[in-house]
Amino acid sequence: MHKTAPRRLAATMRQLRVFEAVARLSSFSRAAAELHLAQPTVSVQVKQLSDVIGVPLFEQIGRQIHLTDAGRMLQATSAELFDAWTRLEMQVADLKGLKQGRLRIAVVTTAKYVVPRLLGAFCEAHAGVEVSLEVGNRSAILERLARNADDLTVMGVPPRGMDIVRHPFAENPLVVVAPRGHALAGARRVSLARLAGERFLLREKGSGTRLAVDRFLRERNLQLDMRMEIGSNEAIKQAVAGGLGLSILSQHALGPDEAPRSLVALNVEGFPIHRHWYIVHPTGKRLSVVAQAFFAFLKAQGPGIELPALKGYSAAGGTVQRA
Ligand code: PGA
């Protein structure tokens, strides 16, 4: 008699990636947005996968979707598969050294003024390296760090409660930004109390910039008249230039190319708030050869990164203080 081999479950890696995102985000539409796919594509992939498995993976209760028992089992198995696959990719990349390999970097929104340029120089030196760069605000990037989704992360406010390695590599000061022609532009030293009389447009909660600003204000027992919360440095600069209020932004966001000419930095007591950019990764993470090389590259290049000049900033003694 002749035994038939057990039927194999013919799931594809792509179906599993789509399933993982839907399961993690508990939403077909959010998974579609994260994966840059159309929602029907996501639904079809999940449907095909559940046909392969032979039982439903999700159940819908009201408007919410929940994993079934089979879905939870598949979620655990796919996590193991992805880990094994990532280890394999890393081992193969290490065999090839820096000639080929992948580098997955995640940076907070404001770091986009710093990191892509450095990546450019790094890629020029290592032409075979394929880079993916994820940009999001601090909370989005922290969520990626918690699930070990990237090789390296660049952020201004590393988390306190997570087991991570953090290495400061460049300055990241925050300055008060005003429209050119503002009554306080060019003043030698504006008192903090004077800011209380101004309207402010601040970055959204969840951003590193906002966290640093809130900490600074709390320590000084100061409240600002916050008129608007805006989730983009670029939009804030336009709104400030348009006279909607003042803001507190990273000096890196005031680069010559991006900043409207109509912005100036104010010399306010306690500012710039001196901070740093950090390279971060989970403790115990084994960095690939490419990630180690980029880490070393950031450490070497960091001190040489120039801050954009502060327009309209009048410092006592004539110089802008740096950390
Ligand atoms: P953000 O982070 O872009 O989330 O504000 C920047 C920072 O921490 O400086």
Side-chain angles (χ1 to χ4, degrees), residues 34 104-119 132-147 149-150 152-162 164-177 200-219 224 226-240 245-255 257-259 263 265-266 268 270-282 298-299 301-303 305-308 310 320 322-323:
E34 182 179 290
R104 279 166 307 187
I105 306 288
V107 305
V108 291
T109 24
T110 308
K112 74 172 185 196
Y113 302 106
V114 179
V115 176
R117 279 176 204 224
L118 293 172
L119 266 177
S132 73
L133 177 68
E134 192 67 39
V135 182
N137 81 5
R138 182 173 180 273
S139 25
I141 295 302
L142 280 183
E143 185 271 324
R144 294 183 65 85
L145 182 64
R147 64 186 160 91
D150 306 288
L152 294 170
T153 301
V154 174
M155 54 172 37
V157 192
R160 285 187 177 150
M162 248 187 227
I164 50 159
V165 173
R166 36 177 262 173
H167 185 93
F169 73 97
E171 286 180 73
N172 180 20
L174 291 180
V175 294
V176 181
V177 185
F200 273 83
L201 321 167
L202 294 181
R203 279 287 303 276
E204 78 285 8
K205 282 214 180 293
S207 70
T209 306
R210 179 65 178 277
L211 196 68
V213 170
D214 284 349
R215 266 185 205 158
F216 177 87
L217 297 175
R218 220 176 18 251
E219 281 162 12
L224 293 180
M226 204 202 40
R227 287 298 166 97
M228 215 188 278
E229 197 169 80
I230 305 182
S232 140
N233 293 323
E234 293 305 310
I236 288 181
K237 288 190 289 181
Q238 298 297 338
V240 171
L246 307 188
S247 190
I248 300 172
L249 292 179
S250 166
Q251 191 172 336
H252 287 288
L254 303 180
D257 323 333
E258 303 93 347
L263 292 182
L266 301 183
V268 179
F271 283 87
I273 303 176
H274 291 295
R275 309 165 60 231
H276 290 91
W277 287 120
Y278 291 86
I279 319 168
V280 175
H281 65 77
L298 286 183
K299 278 204 293 195
Q301 299 295 317
I305 297 172
E306 284 202 25
L307 285 164
L310 291 179
V320 175
R322 290 270 200 89

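Every number for a ligand or one of its atoms is a count from 1 in the order of the listing. On a predicted model such as this, the values are computed, not experimentally measured, just so you know. Counting begins at 1 with the first residue of the sequence.
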Identify, for [atom], the protein heavy atom at the shortest distance, and state residue, atom and that distance.
atom: atom 5 (O) of ligand 1; result: Thr209 OG1, 2.6 Å
atom: atom 8 (O) of ligand 1; result: Arg275 NH2, 3.0 Å
atom: atom 4 (O) of ligand 1; result: Gly208 N, 2.8 Å

Fill in: Working for side chain to side chain contact (heavy atoms under 4.5 Å, CB included), residues Thr209 and Leu211
CA-CA 5 Å; Thr209 306; Leu211 196 68; over 6 Å; no
Tell me whether [X] has any N or O atom under 3.5 angstrom from an N or O of ligand 1.
X: Gly136; result: no
X: Arg210; result: no
X: Trp277; result: no

Worksheet entry | Any side-chain donor near an acceptor of the partner, Ser250 and Asn172, under 3.5 Å | yes
Worksheet item: If we ignore angles and hydrogens, is there a donor and acceptor under 3.5 Å between the side chains of Asn233 and Thr110?
Response: yes
Item to complete: Using a strict 4.0 Å threshold on nitrogen-to-oxygen distance, state whether Glu219 and Arg215 make a salt bridge.
Response: no
Discussion item. Using a strict threshold of under 4.0 Å (side-chain N to carboxylate O), is an ion pair present between Arg210 and Asp214?
Written reply: yes
So if I count the atoms of ligand 1 from 1 in the order they appear, which ones are less than 4.0 Å from some heavy atom of [X]?
X: Thr110; value: 1 (P), 3 (O), 5 (O), 6 (C)
X: Asn172; value: 7 (C), 9 (O)
X: Thr109; value: 1 (P), 3 (O), 4 (O)

Practice prompt. Could you establish whether Met155 and ligand 1 come within less than 4.0 Å of each other, counting only heavy atoms on the residue side?
Written response: no
Practice prompt. Enter the distance from Thr153:OG1 to Leu145:CG here, rounded to the nearest 0.5 Å.
Written response: 4.5 Å
Discussion item. Test side chain to side chain contact (heavy atoms under 4.5 Å, CB included) on Ile305 and Leu118; report intermediate values, then the result.
Written reply: CA-CA 9 Å; Ile305 297 172; Leu118 293 172; 3.8 Å; yes
